[in-house]
Each structure stands twice: as structure tokens, then as C-alpha cells.
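A note on names: the letters A, B, ... follow the listed sequences, proteins ahead of strands, and every chain is numbered from 1. The basis for the numbers below is simple: all heavy atoms, side chains too, and nothing from hydrogens, waters or symmetry mates.
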Amino acid sequence: KNQVEQSPQSLIILEGKNCTLQCNYTVSPFSNLRWYKQDTGRGPVSLTIMTFSENTKSNGRYTATLDADTKQSSLHITASQLSDSASYICVVSGSTFNQFYFGTGTSLTVIP
Amino acid sequence: DAGITQSPRHKVTETGTPVTLRCHQTENHRYMYWYRQDPGHGLRLIHYSYGVKDTDKGEVSDGYSVSRSKTEDFLLTLESATSSQTSVYFCAISESNLLGVGRNEQFFGPGTRLTVL
């Protein structure tokens, strides 16, 4: 069964600290993996995307890694800011246009 | 939000009434999707469309129907709303004619919060 699991479910960190979010998947065949940021009351917005041949991708303070062999990905946030408070969703795409598998997200709260 | 609008943004309705949500895109993307998002669940696919008048069911399609008469519009109808359909509904679009990492990238609308009393 194609599944995407994220951990932790929620996380609270102090402003300025780093954190790492995890995503494990069992999707096959695999096309790409995306991390989305979803602010409260808004739709998800793409942060990074990686294919199986890429093992790291950065977008400012966000760095995603992918290990296609172990089917694991992580999203590392450095020097967190209050505006990083959001839900972070891992999405794995299969080989066709209708194959998108969503994790349940990690809710991140950054406190002053 | 990548040229995607949803209307209404909020709606409160009563059990048993029909409800139609609209998704409008200005990107001319071929594929459109309706998802619902509930606490404890990832986004779940209700229906999707792969062209004008071409639609298919997703994993949670019971109680929902869709129509796509124009490339830019994708309508979701709750034929007789129930309290279990209280949710946040997201429309998404994608264009698989792109190559490489652009392939299958989804862009999401701002969402519609629906409450069924």
C-alpha cells in the first residue's frame, strides 16, 4: 500500500533554533517528493521538490534531503523565525498525473 | 496562489441541502483536482479531471459529483450535504506536459471552509 508517514506530528521550538522534520514513504513507482508549507487558513505552497536522483535541495533556510534507497526524506529548517509556524506536508508523486500521496503533516510552532 | 480562485471561501449550510463549490484557474492547466482536508488526515482526493468533460473518482468520492465544462472551471457538488462533509476543500491544478521536476507539480487554491449543520 502506498503510504506517506511524517514525524513528529507537532513540534514547538524557540525562535532562532533549528529543527528537522521527517518523512517516510512506501510509494512505488516513485516520481518525485515535495515538501509543502501550509499556513493557517491557506492552501499548501511548494517549498522544494526532488526526484530520485537528487539527494538534497535548498530553498533559503529550508533544506530537504532524500534517500531513495531507504525511502526517507527530511526537511531541515535553520535559524527558525516566527513566520515558519505552519504545517509542513510531505507529498510523494507516482508515475501518473493522479498519483499524489500526502502525509498528514507536521505542525510547527515557533515561539519567541 | 498560482492563478487559482475558489468560491465561496466560507459557507454554512444545513443537512440535506445541495452545495456547489467552484474552482477557477487562469493557468490553462489540463488537470484539476478536488481534495478535502480534515484533522488527522492528509489531503484526500475526492474527484479529478484530466480534461473538459473528463473526470474520475478519487478515494473519497461518495456523496460528491463534479463537472468540468470549460478548461478553467471545475465544480464540486455535494448533492445532499451531511455533517460528515464539514471540511476544508481545496482545489489543485497540474500540468504534466512539463518535463523533469515540473512534471506533476500541483498548485493549490486558497480553500473553502464548509460547515454543514
Chain A contact via Arg9(B) - side chain, backbone, both or neither, heavy atoms under 4.5 Å:
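Answer is side chain: those atoms of Arg9(B) sit under 4.5 Å from chain A.
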
Which bit of Gln37(B) is near chain A, if near means a heavy-atom gap under 4.5 Å: side chain, backbone, both or neither?
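When you check distances to chain A, only side chain atoms of Gln37(B) fall under 4.5 Å.
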
Could you tell me whether the side chain of His41(B) reaches within less than 4.5 Å of the side chain of Phe102(A), counting heavy atoms only?
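Answer no - side chains too far apart.
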
Classify the ring geometry of Tyr35(B) against Phe108(B): parallel below 30°, tilted from 30° to 60°, perpendicular beyond 60°.
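Tyr35(B) vs Phe108(B) ring planes: tilted.
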
Classify the ring geometry of Tyr25(A) against Phe30(A): parallel below 30°, tilted from 30° to 60°, perpendicular beyond 60°.
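Taking Phe30(A) first and then Tyr25(A), their aromatic rings lie parallel (interplane angle under 30°).
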
Can you tell me which portion of Gln9(A) sits under 4.5 Å from chain B's heavy atoms? Options are side chain, backbone, both or neither.
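Contact with chain B: none, neither part.
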
Donor-acceptor pair between Asn32(A) and Ser93(A) side chains, under 3.5 angstrom:
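Yes - a donor-acceptor pair under 3.5 Å links their side chains.
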
